[in-house]
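What follows is a single structure, written as C-alpha cells, with notes after it.
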There are 2 protein chains.
Amino acid sequence: MEGEKLSRREREKRWQRQEMLAAAIELFSEKGYHNVSMNEIAKKAEFAIGTLYKFFKNKEDLYRSIIAELSGKFHQAINEVLEGRGDEIEKLRNYVKAKAAIFMDNVSIVRLYFAETRGASCNIKAGLDLEIREKHERHLQDIALIFESGMNNQRFQRIAEPYHLAVSIDSLSNAFLHLWLEAPDQHPYPEDPDVILNILFKGLLDPGES
Amino acid sequence: MEGEKLSRREREKRWQRQEMLAAAIELFSEKGYHNVSMNEIAKKAEFAIGTLYKFFKNKEDLYRSIIAELSGKFHQAINEVLEGRGDEIEKLRNYVKAKAAIFMDNVSIVRLYFAETRGASCNIKAGLDLEIREKHERHLQDIALIFESGMNNQRFQRIAEPYHLAVSIDSLSNAFLHLWLEAPDQHPYPEDPDVILNILFKGLLDPGES
DNA sequence: TCATTATATGAATCATGCGTCATTTTTTGT
DNA sequence: ACAAAAAATGACGCATGATTCATATAATGA
C-alpha cells in the first residue's frame, strides 16, 4: 500500500521514532501518564529532550501517537476476525482468541488501553478518547450482529439482547485477560477461548428449574 | 459501636471534613486526580487552602481518604448481602442488586472506584491500591463459595470453575453499570438484576448442540 | 470587657516538569 | 579537506500547583 522509497535517513528516523515510542510506552504503562516526565522518557530512550520534541509536538501528542498506534493495530486485527469466514460460534471463538493474542503480545500497552476504554482514564483532554470509544462501540455493534444472526439461524437462543451479549463477551474477555495479566502462570486459561465461551454458552442452571 | 460523646466542635469538624471530601470527590471524579488542584478543591468547598491542610496531610492523603471511605461503605454493603439469608440464586441476585444500588447512589465516586479497581489507575503510590485489591479479592472468593455451594446442591451445573464464575458475575455487573453510567436513560436495565443473571444462568446455545 | 487560646486564612515559597533555543555535533556536497 | 546545511543536544525560562506559615479572626472563660 505504501511506496517503498525510503532513504537511509528516513529509515533511521522511523527507527528512532519507534525507540522513543517504546520507551514512552513502557514508562506510561508502568507509572501512568502524569507520573512520567518528558525528561525521563528522553533519558530512557537515550535521546536528548530536544530530539524528543523534534518528533512529537508535546507530551500529549506523544501519548496520542501511542494510543493511536495500538488502537489501530487492535482494531484492525479484531476487524479481520469479525469479517472473516466461519459460522457464528467460530467467529466468536476467533474474536476471543484474537483479542488474547494481541494482548499477550503487547502486555505493557494493554494497561494503557484498558485505562482508555475503561476507567475515567487519566483524562487526556478527550479527543482521542472519543475516537477510541467509537471504535470500541463499532466492535460491539459488529459482535451484536453476530449474535443476532445466530439467533435468526436458530443457532442461539434469545437469552438477552444481542447488544447486551456483545457487551458481555467483551467484558468477560477483558476480565479474564486482566486475571492473566496479574498472574500469567496461574491462569493459562485465556489462551483457551472455550473457558470464556462456555460461560456464555452453557446454561448455569440445571435445565428444569425456574 | 462508637461512643456518642461528640462535642459541638467535633460535630462541626466532622461536617467540615465531609464538605471538603464532597467537593474533592466531585472534582476528582470529573477531572481526574492530577487535573484538580488543592486550590480548586478549597475554593469549591469554600474553605481556605490552609484549612484543607488542617484536615488532610497532603493531596494524596485526601485522595486516599475518599477512596477508603467509599471502599468501606461498598465493602460493607456487599458483605451484608453475601452473608445474608437466602439460597444461592437469591444471594447472587441480591449481590447484583446491592451493587447497582450503591453505584447509583454514588455515581461520582464510582468513576474513581472504577479507575482504582480496573485500569492502571492513576497510580497513587500503591498502598491503598493494595488494600482495595484485597477487599475485592475477598469478595470474589465469597462469591465463588456461593457458586461452589450451588453446585454441591445440584442447583447449579459446573459449567466453569466457581472462581471464574465469580469473576464473571463481577465483570458483567461492572460492564452493565458502566453502560448505565454512560447513558442512564437508555439502559434502565441494571436495576433489573435478571438481565445480568440470565446471561449467566440461561444457556445461550440451543440445548442439543455441541 | 479583655486576655488567652484555638482556628482559619491566603500570600508567599518552593519544587516539578514542560517546552525553547543558542550552541555543538554530524552529515553532505564540492 | 573544508564549508554549508541538517540534526542533536541539554541548560534554562517559565508556568503550574503543592505546601507552609505569619497573620487575622473567632471562641473561650475569667
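All figures in this text were calculated on a predicted structure; none of them were measured in a lab. Both backbone and side-chain heavy atoms feed into the values below; hydrogens, waters and symmetry mates do not.
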Among [options], find the nucleotide with the atom closest to the side chain of [X].
X       : options                : value
B:Tyr53 : D:dT19, D:dA8, C:dA8   : D:dT19
A:Lys13 : C:dG10, D:dA7, C:dA8   : D:dA7
B:Met38 : D:dA18, D:dT20, C:dG19 : D:dA18
B:Ser37 : C:dC18, D:dA18, C:dT9  : D:dA18
A:Lys59 : D:dT19, C:dG19, C:dG10 : C:dG19

Without decimals, in angstroms, what is the distance between [X] [atom1] and [N] [atom2]?
X       : N      : atom1 : atom2 : result
A:Asn58 : C:dT20 : CG    : C1'   : 13 Å
B:Tyr33 : D:dG17 : OH    : P     : 13 Å
A:Glu40 : C:dT16 : CD    : P     : 13 Å
B:Glu46 : C:dG10 : CD    : C1'   : 16 Å
B:Phe28 : D:dG17 : CZ    : P     : 13 Å
B:Asp61 : D:dA18 : CG    : C1'   : 14 Å
B:Glu10 : C:dT7  : CD    : C1'   : 15 Å
B:Leu62 : D:dT19 : CG    : P     : 10 Å

>> For a quick check under 3.5 Å, do A:Ser108 and A:Glu26 share a side-chain donor-acceptor pair by atom type?
In response: no
> Going by atom types only, do A:Lys99 and A:Tyr95 share a side-chain donor-acceptor pair under 3.5 Å?
Replying inline: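 Yes, a side-chain donor-acceptor pair sits under 3.5 Å.
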> B:His139 vs B:Phe74 aromatic rings, parallel, tilted or perpendicular, using cut-offs 30° and 60°?
Replying inline: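 Ring orientation, 0 to 90° scale: tilted.
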> Aromatic rings A:His187 and B:Tyr163: how do their planes relate, parallel, tilted or perpendicular, breaks at 30° and 60°?
Replying inline: parallel
> Want to settle it: does A:Lys54 or B:Asn39 sit nearer the 5' end of DNA chain D, counting the closest nucleotide to each?
Replying inline: A:Lys54
> Relative to B:Tyr33, does B:Lys59 satisfy both conditions: NZ or CZ under 6.0 angstrom from the six-membered ring centre, and within 45 degrees of the ring's axis?
Replying inline: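 Positive - B:Lys59 is close enough to the ring of B:Tyr33 and near enough to its axis.
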> Does D:dA7 have OP1 or OP2 sitting under 4.0 Å from an N or O in the side chain of A:Gln16?
Replying inline: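 For D:dA7, neither OP1 nor OP2 has a side-chain N or O of A:Gln16 closer than 4.0 Å.
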> Checking all strands, does B:Thr51 fall into the base, sugar-phosphate, or nothing category for heavy-atom contacts under 4.0 angstrom?
Replying inline: base
